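Predicted model, so just to flag it, every value in this text is computed and none were measured. Convention: sequence-line order gives letters A, B, ...; per-chain numbering from 1.
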Amino acid sequence: MPGTDHASIATENKVVAKLKSEGISKEDLTREEFLKHAWEWKEKHGGIILGQLRKLGASCDWDRTKFTMDPDLSEAVINTFVYFYKKGYIYRGVRMVNWDPVGLTAVSDEEVIHRDTVSKFYHLRYFISDGNGNPTDKYLVIATTRPETIMADAAICVNPADERYHWLKGKKVLIPLINKEIPVIEDSYVEMDFGTGCLKVTPAHDINDYEIGIRHNLPVLDIIDEHGRLNEKARILVGEDRFEARKKIETMLREAGNLEKVEDYTSPVGYSERTDAVIEPKLSMQWFLKMESLAKDALESVESGKVRLIPDKYRNTYRHWMENVRDWCISRQLWWGQRIPAYYLPDGRFVVEPTPEAALEAARKLNPDISAADLKQDEDVLDTWFSSWLWPISVFDAAKPGHPEVQANRDLAYYYPTNDLVTGPDILFFWVARMIMAGNEFMHEVPFRNVYLTGIVRDKLGRKMSKTLGNSPDPLDLIAKYGADAVRIGMLLCSSAGNDILYDETQVEQGRNFCNKIWNAYRLIAGWSVDENAEQPEAAAVAVKWFRSKLNSVVETVEDHFSKFRISDALMAIYKLFWDDFCAWYLELVKPAYGAGADRKTYEASMDFFEALLKMIHPVMPFITEELWQNMKQRNEGETIMLQRYPVSDGFDADFLAKFDLACEAVTAVRSIRQQKNISPKEKLALRAKADFPSEANAAIRKLANVDMEVAGKPADNSAGVSFLVKTHEMFVPLTGHVDAAEEIAKLEAVIEYQEKFLASVRKKLSNEKFVNGAPEHVVAVERKKEADSIAKIEAAKASLKALKG
RNA sequence: GGGAGCAUAGCUCAGUUGGUUCAGAGCGUCUGCCUUACAAGCAGAGGGUCGGGGGUUCGACUCCCUCUGCUCCCACCA
């Protein structure tokens, strides 16, 4: 189900900015005119993300693409609002909100970013009143970072346990500059050892002060307007911006003798996530949704395992949030979004109904004389999340939200609940938790079983990538440069659940290289001609047998990884199977000599393997796999790799795989030695030209391989494995024959030295009674075998040494 | 201040009841190769007291304590 939300705050900001650049102010437009501009903007830009998804090859049901402000989805939102209102969950109230004076809207707590900011700490003298509003010569000192709000002070507060200020009890003090009399009150909220121990209480402009104000029944005086300017209630500095006012009042206070001192001070200040404006705590009429009961159910859904979070470390975070959730402020002072369906009567009463017609009807029950023109709809719109939390339901059946009693339509009944939700941990609460709430409420069933939380992609500095910051590479550019498959596999290979990704273009390069590897492997196989008379060589037969087993074992591994949502592990297993096992070993073993045709058995096996590999990687690399799959043979109209069965294992021979691994190690050892011997390409070509591989060279390889394995402390019983590898033309190259005696002696001595050291450590372990008695039998048995093997190796090496020296 | 988590190779990370398989992967690095699929490649090599310290255990990357450093979430001292 592809789609987008309407991102009300971000979009409205963009549209306002665009209009501003054209010399149009939002205030000059009617709501309808503004929305027209907003829709134009949406049509132009809203498709970009969907376009990127298409370019990436996201396999979505594009015909069903939805937008949260589609008429039917908007209707679902309105119905939901009415439903919760009538249920008593939605209420309207004066609350302290985070006001964004630039965006001119309230933003949720979650949209406020606290940053340490350097500011000033002003120590101000408040003179004690003589009772008639005149100052005495006694004063107290308060410390504040916001001297421009003193005109809104409602009281001075001290801690009742603070002996320094007992003399203030019952006194009144005068606000500097305006000489307004306010009481001194006591509240244990005040920290005695912070600042001066005296706190000015400004209920309208600080959330904590507001709460103190409620406890002490203090009047609320709001002196800052919606743009962050002082209003006429401030009496002085009216019309000044809050920061300008702060500068000016500092001077005024100093001149009036009320400023004791100013200190530098760093404190956390809230900024709007969207506009970066300093948040102004402001009393405001807002709509709220009660969360207590919804959160309780949503918590239970996760605690009981009905919804699984991956990785599950997020369960703790989730629980903590759900247990401390506050009511959800769902109103936004914007135009772009679903308008709140509350309709006000001239007398201030209001009704909540889904349509103006229903509202009029309801209003007439309150006052029969009301006409449609008398009703005024609420100016605010709803939080975007209030529409996206319905997504899993409303995209299938928009009539369902708000009507839990109505039967779901066919689509909804079929698709709900879904299996897996993939999303970022940063919206676990905004979106995921709320979708669970809406699901529980309207469907009596959670919307999904598993929530896979991806990492957040960060830039090399560790900063979050975001549209607004503009530090994200354009996916379309990356796709143009490297291909969509490269971008997909490159990013996925290094992303494990819940871990952030530090983006680096080399990851995408790795993806591109892998694409090329796949392409070239196909070029090789596709270029083979089949010689119907050719017998299958022994090496090829063994290789086919081996790779069939290997493929099955990796299919099982991959299945296990996927079942545990270990995506990058699964993909890395396929990556290695393709590159290391298929290309580096299998193809090298079976590829026919230059000019010769392949035998049919090997050819067909190779094609089958290649097809299986394509199917395995297809979900993450859809383009190249489809292209090659279509090319492998004539396909029927409409046939596609997308609809093929994913490879399934029919078992594998673990012993055989282990033997082959040993053989591979032996070959590697030979190659290592060859490298040290530095055989020139010319010599190699000369060797290759000989039809037959000299038997003495064969023996030398085997010997060297075994010696090398001994040095590595690994078992040497791999001659069977080596022999068939050695017969392949890759191995016809290595050595010319004779072995340098001195070098051989040095090697044997090294073997002896290594093994004696090893033996000593094993024997030490075996002489420990606690180990022999305490450890499991098989562990002890392994140690005993190591001991015996080591002794045998030392003896053999010593014998060879003697013979060589002799 | 409250809560959660992290620390393993130069980088990004695995390490699934404490024990044959455990010290790993990918990328990067170094060395040698224009080899008839692929130099965006091939072959080989080096690289880590598993953050420090202590404890439990016959045995600890793994469990416990502590210290140090970092991240995130929540709340926020005027």
Side-chain angles (χ1 to χ4, degrees), chain A residues 109-110 114 121-122 142-146 149 157 189-191 193-202 206-209 212 265 267-268 270 311 313-321 324 425-426 428-429 456 460 462 482 486 490 493-496 498-502 504 506-507 509-510 512-528 560 564 566 568-569 572-573 575-576 583-584 587-588 591 593-595 658 667-669 671-676 678-681 684-685 688 730 733 765 768-776 778-783 785-786:
Chain A
D109 290 347
E110 291 80 7
H114 292 273
F121 212 23
Y122 302 86
I142 61 99
T144 180
T145 54
R146 300 203 61 189
T149 64
C157 190
Y189 167 79
V190 179
E191 304 273 341
D193 53 3
F194 186 83
T196 63
C198 287
L199 170 70
K200 77 186 199 61
V201 182
T202 319
D206 184 282
I207 183 72
N208 297 298
D209 291 12
I212 294 173
Y265 183 64
S267 63
K313 65 178 177 185
Y314 283 106
R315 278 179 63 163
N316 288 332
T317 326
Y318 183 88
R319 184 187 316 114
H320 192 258
W321 191 73
N324 297 286
D426 50 339
L428 179 58
F429 309 131
I456 296 171
K460 279 195 131 176
Y482 297 103
L493 271 178
C494 58
S495 39
S496 50
N499 281 334
D500 289 356
I501 304 164
L502 294 185
D504 188 338
T506 60
Q507 291 157 0
E509 277 178 28
Q510 189 186 352
R512 176 206 50 194
N513 295 352
F514 187 43
C515 291
N516 281 350
K517 192 69 187 176
I518 295 172
W519 187 264
N520 284 316
Y522 180 70
R523 276 182 58 202
L524 175 65
I525 303 171
W528 289 343
D560 183 53
K564 292 170 180 158
R566 302 169 69 109
S568 58
D569 286 343
M572 184 51 76
Y575 178 89
K576 285 198 272 196
C583 294
L587 288 180
E588 292 299 335
K591 79 179 172 189
Y594 178 62
V667 170
T668 301
R671 284 174 180 164
S672 177
I673 291 163
R674 187 207 312 161
Q675 182 117 14
Q676 289 158 26
N678 230 343
I679 291 172
S680 71
K684 272 201 241 171
L685 283 174
R688 190 181 285 261
E730 166 69 10
V733 192
K765 205 168 181 184
N768 181 349
E769 276 182 35
K770 284 177 173 175
F771 170 73
V772 176
N773 299 326
H778 70 273
V779 176
V780 178
V782 166
E783 292 303 316
K785 186 167 187 307
K786 279 183 192 168

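- RNA chain B is contacted by both A/Phe194 and A/Asn520; A/Asn520 maps to the nucleotide lying nearer its 5′ end (nearest heavy atom per residue).
- Residues A/Trp321 and A/Asn324 fail the side-chain proximity criterion, which asks for heavy atoms closer than 4.5 Å.
- Remark: the separation of the C1' atoms in B/rC67 and B/rC11 is 27 Å, to the nearest Å.
- The separation of B/rG10 from B/rG46, taken at their C1' atoms, amounts to 12 Å, rounded to a whole angstrom.
- Contacts of A/Tyr575 classified as ring-ring contact (aromatic ring centres under 6.0 Å, His included), with partners at least two apart in sequence or in another chain: A/Phe514, A/Trp579.
- The A/Leu199 side chain lies nearest to B/rA78 when the options are B/rA37, B/rA40, B/rA78.
- Under the salt bridge (charged side-chain N to carboxylate O under 4.0 Å, His left out) criterion, A/Arg315 pairs with no residue at all, not counting sequence neighbours.
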note = Under the rule of Watson-Crick or G-U wobble with both distances under 3.5 Å, where | means paired to another strand and [ ] a crossing pair, RNA chain B maps to (((((((..((((.....[....)))).(((((.......))))).....(((((..]....))))))))))))....
Dump the pairs, protein N or O against N or O of nucleotides 11-13 of chain B, anything under 3.5 Å, distances to one decimal.
{"unit_1": "B/rC13", "atom_1": "OP1", "unit_2": "A/Asp500", "atom_2": "O", "d": "3.4"}
{"unit_1": "B/rC13", "atom_1": "O3'", "unit_2": "A/Asn499", "atom_2": "ND2", "d": "3.2"}

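- Closest to the side chain of A/Ile207, from the set B/rC76, B/rG2, B/rA78, is B/rC76.
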N/O contacts under 3.5 Å, protein versus nucleotides 22-29 of chain B?
{"unit_1": "B/rA25", "atom_1": "O2'", "unit_2": "A/Lys576", "atom_2": "NZ", "d": "3.3"}
{"unit_1": "B/rG26", "atom_1": "O2'", "unit_2": "A/Gln510", "atom_2": "NE2", "d": "2.8"}
{"unit_1": "B/rC27", "atom_1": "OP1", "unit_2": "A/Tyr575", "atom_2": "OH", "d": "3.3"}

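- With B/rU16, B/rA37, B/rC74 as the candidates, the nucleotide lying closest to the side chain of A/Arg566 is B/rU16.
- With B/rA78, B/rA37, B/rC73 as the choices, the nucleotide that has an atom nearest any side-chain atom of A/Thr145 turns out to be B/rA78.
- The closest side-chain heavy-atom distance from A/Trp528 to A/Lys591 is below 4.5 Å.
- The P atoms of B/rC72 and B/rC30 are separated by 34 Å, rounded to the nearest whole Å.
- Of the P atoms belonging to B/rC27 and B/rA23, the separation is 23 Å, rounded to the nearest Å.
- A/Cys157 places none of its side-chain heavy atoms less than 4.5 Å from the side chain of A/Tyr189.
- Atom name P, nucleotides B/rG5 and B/rC65: the rounded distance is 12 Å, in whole Å.
- The side chain of A/Ala584 has B/rA43 as its nearest neighbour among B/rG15, B/rA40, B/rA43.
- Taking atom C1' on both nucleotides, B/rC63 is separated from B/rU57 by 10 Å, rounded to a whole Å.
- Between A/Tyr318 and A/Phe429, the angle of the ring planes lies from 30° to 60°, which puts this pair in the tilted group.
- Distance from the side chain of A/Val190 is smallest for B/rA78 among the nucleotides B/rA37, B/rA78, B/rA40.
- Residue contacts shown for A/Val772 are absent, as no nucleic acid heavy atom lies under 4.0 Å away.
- Side-chain atoms of A/Thr149 and A/Lys200, non-hydrogen and from C-beta on, do get closer than 4.5 Å to each other.
- Partners of A/Tyr482 by side chain to side chain contact (heavy atoms under 4.5 Å, CB included), not counting sequence neighbours, listed by chain and number: A/Leu478, A/Ala486, A/Glu505, A/Val508, A/Glu509, A/Arg512.
- Annotation: B/rG18 and B/rA9 have their P atoms spaced 23 Å apart (nearest Å).
- Side-chain contact check for A/Val201 versus A/Asp206: every heavy-atom pair is 4.5 Å or farther apart.
- Judged by atom type and distance alone, A/Asn516 reaches the base of B/rA40 through a side-chain donor-acceptor pair under 3.5 Å.
- Listed pair A/Arg319 / B/rC73 fails the phosphate criterion, with no side-chain N or O lying under 4.0 Å from OP1 or OP2.
- Using a 4.0 Å heavy-atom cutoff across all strands shown, A/Cys157 reaches no nucleic acid atom at all.
- With a 4.5 Å cut-off on side-chain heavy atoms, A/Leu199 and A/Ile142 do not count as touching.
- Candidate nucleotides B/rA37, B/rA78, B/rG15 were compared by shortest atom distance to the side chain of A/Glu588, and B/rA37 ranks first.
- Across the C1' atoms, B/rC22 and B/rG48 are found 13 Å apart, a figure rounded to whole Å.
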